[in-house]
Amino acid sequence: MFEDIKDNNIYKNLYDGQWISSASNNFITINSPINEEEVGKIQAMTGEEVDKVVSKAQSSFGVWADKPVSERADIIHKSAAILEENSEEIANILTKEIAKDIKSARSEVIRTVDFIRFTADEGKRIQGETLQGDGFHGFSKDKLAFVTREPVGVVLAISPFNYPVNLSASKIAPALMAGNSVVFKPPTQGSISALYLAKVFQAAGLPNGVLNTITGKGSEIGDYIIKHKEIDLINFTGSSEVGRHISEVTSMVPSIMELGGKDAAIVLEDADLEHAANNIVKGAFSYSGQRCTALKRVLVLESIADRLVDLITEYVSQLKVGNPFDDVTITPLINNKAADFVQGLIDDAIDKGATLKIGNKREGNLLYPTVFDNVTTDMRIAWEEPFGPVLPIIRVKNIDEAVDIANASEYGLQSSIFTNDIDDAFHIARLLEVGTVQINNKTERGPDHFPFLGVKSSGMGTQGIRYSIEAMSRPKAIVVNLRERSDKVGQVK
Ligand code: NAP
Ligand code: G3H
């Protein structure tokens with residue numbers, strides 16, 4: 001099934017339905033974060049090759065856009081079936097390539113199968129509407145608008161390292177269902193898993209040129225791709241820094257951006273503390289905190305803080321650390337640079353007097369889960385996104401202070417509120433400047449048909465299956481102006 005995507009462990013790119021090698025002769029070695037072992041090599045494509053890929057996507061667009069939606073859905077459904085058949089192989093590659101624990105890697109792939117199926121079905125349900133002119137002063141019933149949804153053209157999908165299968169498919173499948181062609185730039189660390197995904201879509205029978213891939217470092221080839229004149233929409237997930245850069249260097253290109261986060265858990269006095277602590281630990285530490293929606297700070301009322309801190313510390317002490325192929329939660333971070341950054345936040349918190357409850361142990365890029373109590377707002381860890389296994393706890397005097405600190409963040413992805421008072425929960429939820437508020441649950445993206453969005457530095461636009469299809473299509477209105485016929489056929493009663 002995957003034989004043609006590589007030669008001697010050098011992975012190729014999908015172009016016009018063929019797996020091709022780059023003329024650059026410039027390879028990037030992908031080493032496993034687990035043990036530095038080589039997983040494979042990918043190719044750094046040239047600007048000229050990028051031009052060919054984007055032109056091919058542009059010229060293949062019409063064939064795909066003209067296909068009946070039901071036929072597009074059949075192909076997308078088939079890709080879900082092929083992904084499911086190959087889920088174990090792809091989960092294994094994922095674990096090797098990004099050190100995601102094998103249980104989470106399997107669940108990423110199976111969630112993607114479900115996502116693709118739901119998208120195929122949802123795409124068939126997206127309908128236009130008919131509007132009548134007389135709703136607006138001065139216009140009559142004889143003016144009718146037939147509003148349909150049209151694809152935008154070539155969608156550039158750029159995904160991050162932490163979900164190279166799921167966050168790639170969650171752009172590609174809705175883009176395709178909307179009738180677009182796709183240029184797909186996967187994360188460098190994660191490219192190999194992502195190329196397997198591209199092969200799955202190709203094997204399902206996508207017409208040649210409708211999905212094409214570009215590998216190469218974002219820092220080298222990224223700007224060339226995003227500024228390409230034939231790209232009609234950019235769907236980007238990654239850091240706020242790169243998202244902001246893309247906004248700055250592109251002009252008049254519609255973009256959807258899912259960016260960083262600093263999700264807060266606000267814990268009130270009447271909360272079920274065991275439930276809260278359990279959710280907070282799962283939310284903060286799964287995949288070692290390398291999730292945009294990871295809980296990245298706790299804001300707890302002083303009167304219950306001691307008990308909550310004890311529970312969190314106890315649950316964290318039970319987390320298993322080690323090789324992602326074993327039954328563990330905490331695995332090596334994506335690279336040493338990421339581990340150095342998290343260590344810098346830990347050292348700063350210690351220097352400024354935070355109370356270390358557990359952790360601050362490191363073996364290379366493997367960081368043990370770390371919890372700080374008595375974190376104050378002058379510490380970097382109060383504001384910066386670690387993308388690693390460290391959780392700061394800030395004690396607050398009252399709800400207002402919790403809301404103020406939550407909203408002072410540059411980010412606005414999600415927040416959690418733990419309380420047994422639904423009125424308090426709703427009141428606080430309305431005050432929080434985030435895309436989603438979870439009541440009595442950890443922050444998380446799924447289920448995948450819910451809207452998913454960030455405000456402030458956390459993003460622009462909305463994803464989630466139907467929202468993504470709509471975001472990657474546009475309304476087209478055809479307005480019919482009927483001539484008066486009342487003299488011939490009588491008045492409409
Ligand atoms: P990143 O460094 O921003 O990279 C994301 C993607 O952008 C990668 O494919 C990267 O390619 C590419 N890229 C880098 N520079 C580029 C440029 N100039 N032009 C075009 N593409 C460029 O992020 P990451 O480290 O992979 O992921 C972690 C970050 O993503 C965290 O901040 C996390 O919160 C955020 N994230 C957000 C969400 C969300 O839905 N809100 C989901 C997941 C992750 P290379 O890999 O080749 O550099
Ligand atoms: O990393 C960002 C992902 O969108 C988070 O998804 O909440 O399902 O882990 P998740």
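Just so it is clear, the structure is predicted and the values come from calculations on it, not from any experiment. Order of listing sets the numbers, starting from 1, for every ligand and every atom in it.
- Between Gln290 and ligand 2 there is no heavy-atom distance shorter than 4.0 Å.
- Remark: the Gln343 side chain and the Asn360 side chain contain an N/O donor-acceptor pair separated by less than 3.5 Å.
- Here atom 21 (N) of ligand 1 lies nearest to Ile158 when heavy atoms of Thr188, Ile158, Ile225, Asp223 are compared.
- Between Thr331 and Asp101, the side chains place no donor N or O within less than 3.5 Å of an acceptor N or O (distance only, hydrogens not considered).
- Nearest-heavy-atom check against atom 37 (C) of ligand 1 across Leu259, Leu156, Ile234 picks out Leu259.
- Between Lys352 and Asp348 there is a salt bridge, since at least one side-chain N of the basic residue sits less than 4.0 Å from a carboxylate O of the acidic one.
- Residue Ile246 holds its CD1 atom at 5.0 Å from CE of Met257, rounded to the nearest 0.5 Å.
- For atom 30 (O) of ligand 1, a protein non-hydrogen atom is found at a distance below 4.0 Å.
- Interface of Thr237 with ligand 1, defined as ligand atoms under 4.0 Å from a residue heavy atom, comprises 5 (C), 37 (C), 38 (C), 39 (C), 40 (O), 42 (C), 43 (C).
- The distance criterion of under 3.5 Å between nitrogen or oxygen atoms is not met by Lys296 with respect to ligand 1.
- Here Tyr287 has no heavy atoms under 4.0 Å from ligand 2, in either its backbone or its side chain.
- In terms of polar-atom proximity, Ile226 is not counted as a contact of ligand 1, lacking any N or O under 3.5 Å from an N or O of the ligand.
- Residue Glu444 has no nitrogen or oxygen atom sitting less than 3.5 Å from a nitrogen or oxygen atom of ligand 2, judged on distance alone.
- Close contacts of ligand 2 with Thr293, meaning ligand atoms under 4.0 Å from a residue heavy atom, involve 5 (C), 6 (O), 7 (O), 9 (O), 10 (P).
- Of the protein's non-hydrogen atoms, the one nearest atom 10 (P) of ligand 2 is Tyr163 OH, 3.3 Å.
- Atom 9 (O) of ligand 1 has its nearest heavy-atom neighbour, among Gly435, Ser159, Gly260, in Ser159.
- In this structure, Lys199 forms no cation-pi arrangement with Phe2, as its terminal cationic atom is not both closer than 6.0 Å to the ring centre and no more than 45° off the ring axis.
- In terms of polar-atom proximity, defined here as any N/O pair under 3.5 Å, Thr443 makes no such contact with ligand 2.
- Ligand-side atoms of ligand 1 in range of Lys217: 47 (O), range being under 4.0 angstrom from any heavy atom.
- Note on ligand 1: Tyr163 sits outside its first shell, no heavy atom being nearer than 4.0 Å.
- By the 6.0 Å and 45° rule, Lys100 stacks over the aromatic ring of Tyr163.
- Considering all non-hydrogen atoms of both residues, Val342 and Leu333 come closest at CG2-CD1, 3.9 Å.
- Atom 43 (C) of ligand 1 has its nearest heavy-atom neighbour, among Val249, Asn162, Ile334, Ile214, in Asn162.
- Not a single heavy atom of Gly243 sits under 4.0 Å from any atom of ligand 1.
- In summary, the side chains of Gln463 and Ser170 do not present any donor paired with an acceptor at a separation below 3.5 Å, with no hydrogens or angles considered.
- For Gly216, the heavy-atom gap to ligand 1 drops under 4.0 angstrom.
- If you check each of Tyr411, Phe387, Phe184, Phe161 against atom 33 (C) of ligand 1, the one with the closest non-hydrogen atom is Phe387.
- At under 3.5 Å, not a single nitrogen or oxygen of Ser458, backbone or side chain, sits near a nitrogen or oxygen of ligand 1.
- Not a single heavy atom of Gly459 sits under 4.0 Å from any atom of ligand 1.
- Under a 3.5 Å cut-off, the side chain of Ser159 and the backbone N or O of Ser168 do not form any donor-acceptor pair.
- Distances from atom 35 (C) of ligand 1 to the heavy atoms of Gly238, Pro187, Ser170 show the closest one on Gly238.
- The N/O atoms of Cys292, backbone and side chain alike, include one that comes under 3.5 Å of an N/O atom in ligand 2.
- Of the heavy atoms in His245, only side-chain atoms (C-beta onward) come closer than 4.0 Å to ligand 1.
- For the residue pair Asp232 and Gln58, the shortest heavy atom distance occurs at OD2-NE2, 3.4 Å.
- A salt bridge does not link Arg380 with Asp347: every distance from a Lys NZ or Arg NE/NH1/NH2 to an Asp or Glu carboxylate oxygen is 4.0 Å or more.
- Lys56 and Asn212 form no side-chain donor-acceptor contact under 3.5 Å, judged by distance and modelled atom types alone.
- Nearest heavy-atom pair, Ser409 versus Tyr411, reported as atom, atom and distance to 0.1 Å: OG-N, 2.9 Å.
- Across all non-hydrogen atoms, the minimal contact from Val53 to Thr213 is CG2-O, 4.3 Å.
- At a 4.0 Å heavy-atom cut-off, ligand 1 touches Glu385 through the side chain alone.
- At least one donor-acceptor pair under 3.5 Å links the side chain of Asn180 to the backbone N or O of Val152.
- Compare Arg445, Arg111, Glu108, Glu258 by their heavy atoms: the one nearest to atom 4 (O) of ligand 2 is in Arg445.
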